[in-house]
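This report refers to the structure that appears directly beneath it.
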Amino acid sequence: MAKRLQYGALILLMQGLCAEKTDSGGLSVSYLTSGERHSEEYCAMYDICGQRSDGKVLNCPYGSPSVKPDELFSAKIQSLCPSISGNVCCTEDQFNTLRAQVQQAIPFLVGCPACLRNFLNLFCELSCSPNQSLFINVTSVSEINGNLTVDGIDFFVSDAFGEGLYDSCKEVKFGTMNTRAIQFIGAGATNFKEWFDFIGQKAPPGFPGSPYAIDFKSTVPDLSGMELMNVSTYSCGDTSLGCSCGDCPSSPQCSNSEPPSPSKKDHCSITIGPIKVRCIDFALAIAYIILVLGLFGWALFHRQRERILASDREPLLKSTDEDEANLSNMQYDENLGLEGREVTEQLKNGAQLSFIQGYMSSFYRSYGKWVARNPTLVLCLSLAVVIVLCFGLIRIEVETRPEKLWVGHGSKAAEEKQFFDSHLAPFYRIEQLILATLPDKTHGKPPSIISDDNIQLLFEIQEKVDGIRANYSGSKVSLTDICLKPLGQDCATQSVLQYFKMDQENFDNYGGVTHAEYCFQHYTSSDTCLSAYEAPLDPSTALGGFSGINYSEASAFVVTYPVNNAIDEAGNGNGKAVAWEKAFIKLAKEELLPLVQSRNLSLSFSSESSIEEELKRESTADILTIAVSYLVMFAYISVTLGDASRLSTFYISSKVLLGLSGVVLVMLSVLGSVGFFSAFGVKSTLIIMEVIPFLVLAVGVDNMCILVHAVKRQPLELPLEERISNALVEVGPSITLASLSEILAFAVGGFTPMPACRVFSLFAALAVLLDFLLQVTAFVSLIVFDCLRAEDNRIDCFPCIKIPSSAEESDEGMNSRGSGLLTRYMQEIHAPFLGLRGVKVVVVAVFVAFALASIALSTRIDSGLEQQIVLPRDSYLQGYFTNISEYLRIGPPLYLLLRITTTAFPLSLESRDTNKLCSINRCDSNSLLNEISRASLVSESSYIAKPAASWLDDFLVWLSPEAFGCCRKFTNGSYCPPDDQPPCCSPDGGSCGLGGVCKDCTTCFRHSDLVNDRPSTEQLREKLPWFLNALPSADCAKGGHGAYASSVDLNGYESGVIKASEFRTYHTPLNGQGDYVNALRAAREFSSRISDSLKMQIFPYSVFYIFFEQYLDIWTIALTNIAIALGRCYFYCLSGYHIQYVTLGFSKCSLWISAIIVLVLVMIVVDLMGVMAILGIQLNAVSVVNLIMSIGIAVEFCVHIANAFLVSNGDRDQRMKKALSTIGASVFSGITLTKLVGVIVLFFSRSELFVVYYFQMYLALVLVGFLHGLVFLPVVLSLMGPPARNIA
């Protein structure tokens, strides 16, 4: 939808060019002049004999010899009709009428001189040719006040002239409406015969058009003595009257400027018989086949080798296995933690540890003892720090503005939007209704909405909208107070009701739905179809659900209310608009929706502030979901942390209070993170409020379970200090490593350009850090208190109550720690099964197959973020966005902005810049506007739908001496408006003529005043404000007030500088995220190419660019951040294992195991992207952050298994089985299930964003991470893990 102009009547009166002025009245009779004469120098009709009731004059039907004009009259005729010399067949009054009428057409065609000359020749020959009788035959007359007048003629015109005329004019643009001039002066004719038929129609009184019928014929009657009018025509490519490439693409000078061919993304593909596959798919398939063959070959080789050496190795291996099994069972029975014991034995055996390793081991051992001795101090200090951070919540603010959530800082599109808003005018606010029919149950196709009842319903809806009175600061705000008004006092509402002037009384007067259907085809050429604000209404902006130009098949009415926008202004513009918008949405929900549904129709609606308001509503939509999720997590933690003891001691061995305390610590870590950033003025988002608690809880519970289980594995005969110390030595390094990896992964997400995701990542990183610190401080202290409670036989949740118990019961209850079901499953089923050679081959083959398939699938992931995803599921905007894609047949406005930095006035004869921009005659063939016109010819690749509306073209035409009804001046040099505007024409609709106050007005310039039809700097400086303030009308369609009032930045204009201007066109309809991204990319590429070619600063702007700019390089951002996160994880893994396990001579193992972990992480990320492709999840900042965070979360599935594998003894198979037996159950129950419980709750969220990007992606991460951590990683370690350590 474009900003509106008001040139209505001029378009329609165009049809009267052939007619002189008219009005028929009286009796019409069929008449053929007796004694008619058809010869040279003889007239078929001469002088004026009457006029119709509407004032249109009628010619006399009498033949007479041609007349020799006086010198002055002859000069006037020559100025308009240079092809006529000598005698003429028109009086001076007839000529003045001709001149007054054709001046309405000149502004449309003057940009293409060849077309204008051909067009004028047609009517000059009709009206004044001295040989008029040779090709004009009066066929009927009518009587007006006793005088006979012409009522119908035959006009014999050669096909050559008709084709030449049409060919020279068919591509001429009328920029103000982004369309072709033929739409206005020819009703969209597709050939010269259709154009002639349109011109020759006899118009009813009061309607524009010819006052008598003109029958254009291309053959003359035999023996009539008549000839075809065959004046020479000028080609639009004529060198003397040449048109621009935009108006004449077939011109020879434009032959080297063919429109660019549609760009096609040629994907490499291979054809195998009837199957066509992409090269990447084929290459991955070949790689997989080679890998599988290699695996099978490896399996067969080792099988044969084992058979040969079986007799030598089997007894020794059997003995070794039995000894190690007995040793292992002894260790488990004694409840010695495997990892802690290994470290202890290293120290006892005098293994030479690295400085860092020794320091870390000493730190955890000393720290554990200190915490066990001072639990109250540690708990109070840690809580105090977090509580201090929570005080920042006093300054908490929640950001809900879409442009602040989804537009990155320093965005190029944001800077361009700011430039557009500050130098020109902010794009108007849009309020919209879409009224549509429901699909037919039989055929599934919605019927047409064009009916009398539906239009009457639309009038009823409009009446209710007009009746809205919103309260703003004690005043009432109506639509007329805030709406866009290009001219006058009428709102520029885009609705089919404009064909009835927005007046229900006109519905029956104009003919009801028949009139609307007539206007669909004649909206540019009938004054009765003009809108209430006196501008044509393109039906494609008010209708939806049609194909091509079959507007009558439309299944939807689209009603758009443009509202003035006051961005960053001190006035009350937007405040009033927002108040009205809230009332508008309330009306739509409470009254309009039930009204429409009662008529078996559908209604969707939206306002400019709808998205922001819906995001605010979403902030409270999931409070119940959050509460339930925390209860579920609390229950699960309590069960997981507790001991599986007898019912008689359950109240002592349970860990409900400890689990509740852990949940509280998670909440404090989240609140502390939010408080810290809020204290520095960083606003929170809804994602932070709803997702981070789940995320941190799921991450934090893992470490809680591991810490509690490590303490429970310690021998009870050891003092509490030793148990806590040993537990920290055992699991502290792996918890630290996993937490650092998670924090790092979240922090890397802070590099994402989308603010909502960047802030989320930073908040999450700090929350995970605080949670980790609270776990190793406050939670360890709480474990100490819980152990003391249990040892003192105090009831869980009620520690003040002590239960007396015998020592035997106490010892039995506290020492009954048999292996759980999961532990037995890992020891007896899972680990032995993965140890089978055939299973290993299958596991590697399956996981590699899915990884390769995921690589192929990931190339099919679309970029973008559907608007519906961000909103609550029950939002009224869900249906609106669906209907937008389904019904709209025109895309968003596209502005090509010219940024001028020179100090000299650039658009004058002193500069070549004018011809680099314009598209009329004498403009460069590769000018900006000509290139836009060419791009519109390949709209499927350029996404440009139409030629641009150009203030510069229209201004140059408006200045042209040929457009003598436009730029005019009084004798004192001040601006003189066209004759049909006040003061030349009385504002009350009275008479307009040549004898009023404007009788002495003259054109602004003669040709001699201009240089190559271009104004000087001084001339342009004076006349440009005239043009921008000139009202368009019938006598001059090129007035720029309605269309271009905000197209030029006049700040500093007096000093001769135009800082900015815009040229407006449209994008093609954009129906998906991919279309929006591709349209932005195509516009950027087009502007860059033109800027380089013209050496000018030109950039595109559309309202949606700021939200889609990030997707232009989203893949680069994603892959870069993923690579950084993986690299840092590798570094931390390398450092962590070096710190914990490296002895001198063992550095290769740390490199080895770190590389395996990173390999598994890469496969997890790749598989997750494959799942995204399968589920249709798009790549955007949210999913990129999720992918980065998945690396940190996935570390937990790997690091503990790898850790247990490293500290185990035996061959690779034995160590893999020991690792699964020792830590596998903890990974499954403490990591997999805790995350699964936390993620599943997100399914019940009312926000589709959380369901898709957090429930689906995190669920996939948990499942993929679990399978890789407990299935694939153990197999890989058993095949290629680092060798066992030899400790002296």
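In this text, all values refer to a predicted model and were calculated from it rather than measured experimentally.
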Checklist entry - Do S939 side-chain atoms and Y943 backbone N/O form a donor-acceptor pair below 3.5 Å? => result no

Next on the checklist: Please report the interatomic distance CD(Q867) to CZ(F1104), rounded to the nearest 0.5 Å.
Outcome noted: 11.0 Å

Next on the checklist: For a 4.5 angstrom cut-off between non-hydrogen side-chain atoms, does L956 reach C918?
Outcome noted: yes

Checklist entry - Are side-chain heavy atoms of L897 and F420 found at a separation under 4.5 Å? => result yes

Checklist entry - Taking it one step at a time, do V759 and E399 satisfy side chain to side chain contact (heavy atoms under 4.5 Å, CB included)? => result CA-CA 11 Å; V759 172; E399 183 63 81; over 6 Å; no

Checklist entry - Is a donor on one side and an acceptor on the other found under 3.5 Å between the side chain of S1093 and the backbone of R1089? => result no

Checklist entry - Any sub-3.5 Å donor-acceptor pair from T1065's side-chain atoms to L894's backbone N or O? => result no

Item to check | Side chain N564, main chain C483, donor-acceptor under 3.5 Å | outcome: yes

Checklist entry - Going by an N to O cut-off under 4.0 Å, is there a salt bridge joining K412 and E415? => result no

Next on the checklist: Run the side chain to side chain contact (heavy atoms under 4.5 Å, CB included) test on I932 and F1086 for me, step by step, so that the C-alpha distance in whole Å, both residues' side-chain angles and the decisive distance to 0.1 Å come before the verdict.
Outcome noted: CA-CA 9 Å; I932 295 174; F1086 174 83; 3.7 Å; yes

Next on the checklist: Main chain of L1179, side chain of S863: is a donor-acceptor contact present, judged purely on distance under 3.5 Å?
Outcome noted: no

Next on the checklist: Within this structure, what is the CZ-CD1 distance for the pair R889 and I549, rounded to the nearest 0.5 Å?
Outcome noted: 14.0 Å

Checklist entry - So, do E1062 and L898 sit near enough that their side-chain heavy atoms are less than 4.5 Å apart? => result no

Checklist entry - Any ion pair linking K946 and D538 (charged N to carboxylate O, less than 4.0 Å)? => result yes

Checklist entry - Taking the six-membered ring for Trp, is the centroid-to-centroid distance between F1063 and Y895 below 6.0 Å? => result no

Checklist entry - Salt bridge check: are R429 and E608 linked by an N-O gap of less than 4.0 Å? => result no

Checklist entry - On the ring face of F419, is R899 found with NZ or CZ under 6.0 Å from the centre and within 45° of the axis? => result yes

Checklist outcome for this item: dist S422:OG -> D1049:CG (nearest 0.5 Å) comes out at 8.0 Å

Item to check | Side-chain (S1091) to main-chain (S1087) donor-acceptor, under 3.5 angstrom | outcome: yes

Checklist entry - Would F881 and L871 satisfy side chain to side chain contact (heavy atoms under 4.5 Å, CB included), going step by step from the backbone distance to the final call? => result CA-CA 11 Å; F881 286 124; L871 302 168; 3.6 Å; yes

Next on the checklist: Measuring only between side-chain heavy atoms, which start at C-beta, is Q1073 closer than 4.5 Å to N1180?
Outcome noted: no

Checklist entry - Considering all heavy atoms of both residues, which atom of A1083 and which atom of Y1105 are nearest to each other, and what is their separation? => result CB-OH, 3.2 Å

Next on the checklist: For the backbone of K1038 and the side chain of D954, can you confirm whether one donor and one acceptor N or O come within less than 3.5 Å of each other?
Outcome noted: no

Next on the checklist: Under a 3.5 Å threshold, yes or no: a donor from one side chain and an acceptor from the other, between Q432 and Y880?
Outcome noted: yes

Next on the checklist: Would you say that more than 12 heavy atoms from the other residues, nucleotides or ligands in this model lie under 6.0 Å from the CG of L1119, or not?
Outcome noted: yes

Next on the checklist: Can a side-chain donor-acceptor contact be found between S610 and S607 if the only test is distance below 3.5 angstrom?
Outcome noted: yes

Checklist entry - Are any side-chain N or O atoms of S942 and backbone N or O atoms of A935, one a donor and one an acceptor, separated by less than 3.5 Å? => result yes

Checklist outcome for this item: Output for pair (F1108 CZ, N1078 CG), nearest 0.5 Å, gives 11.0 Å

Checklist entry - Would K916 and D924 pass as an ion pair if we require N to O under 4.0 Å? => result no

Checklist entry - What distance separates D953 CG from L917 CG, expressed to the nearest 0.5 Å? => result 9.5 Å

Item to check | Side-chain donor-acceptor pair present, N1186, S1183, cut-off under 3.5 Å | outcome: no

Item to check | Donor-acceptor contact present, side-chain S941 to main-chain V938, <3.5 Å | outcome: yes

Checklist entry - Tell me, do P892 and L1070 make a side-chain contact under 4.5 Å, heavy atoms counted? => result yes

Next on the checklist: Please report whether the SG atoms of C236 and C112 are separated by less than 2.5 angstrom.
Outcome noted: no

Next on the checklist: With a 4.5 Å cut-off on side-chain heavy atoms, are L888 and P1069 touching?
Outcome noted: no

Checklist entry - Do the two ring centres, one from H1041 and one from F1027, sit under 6.0 Å apart? => result no

Checklist entry - Ignoring hydrogens and geometry, is there a side-chain-to-backbone donor-acceptor pair from E1109 to F1107 under 3.5 Å? => result no

Checklist outcome for this item: When every non-hydrogen atom of W1115 is compared with those of S858, the smallest separation belongs to CH2-O, 3.2 Å

Checklist outcome for this item: d(S925 OG, E931 CD) to nearest 0.5 Å is 8.0 Å

Next on the checklist: Could you walk me through whether E431 and T560 satisfy the side chain to side chain contact (heavy atoms under 4.5 Å, CB included) test, starting with their C-alpha distance in whole Å, then the side-chain angles of each, then the deciding distance to 0.1 Å, before giving a yes or no?
Outcome noted: CA-CA 6 Å; E431 335 295 345; T560 306; over 6 Å; no

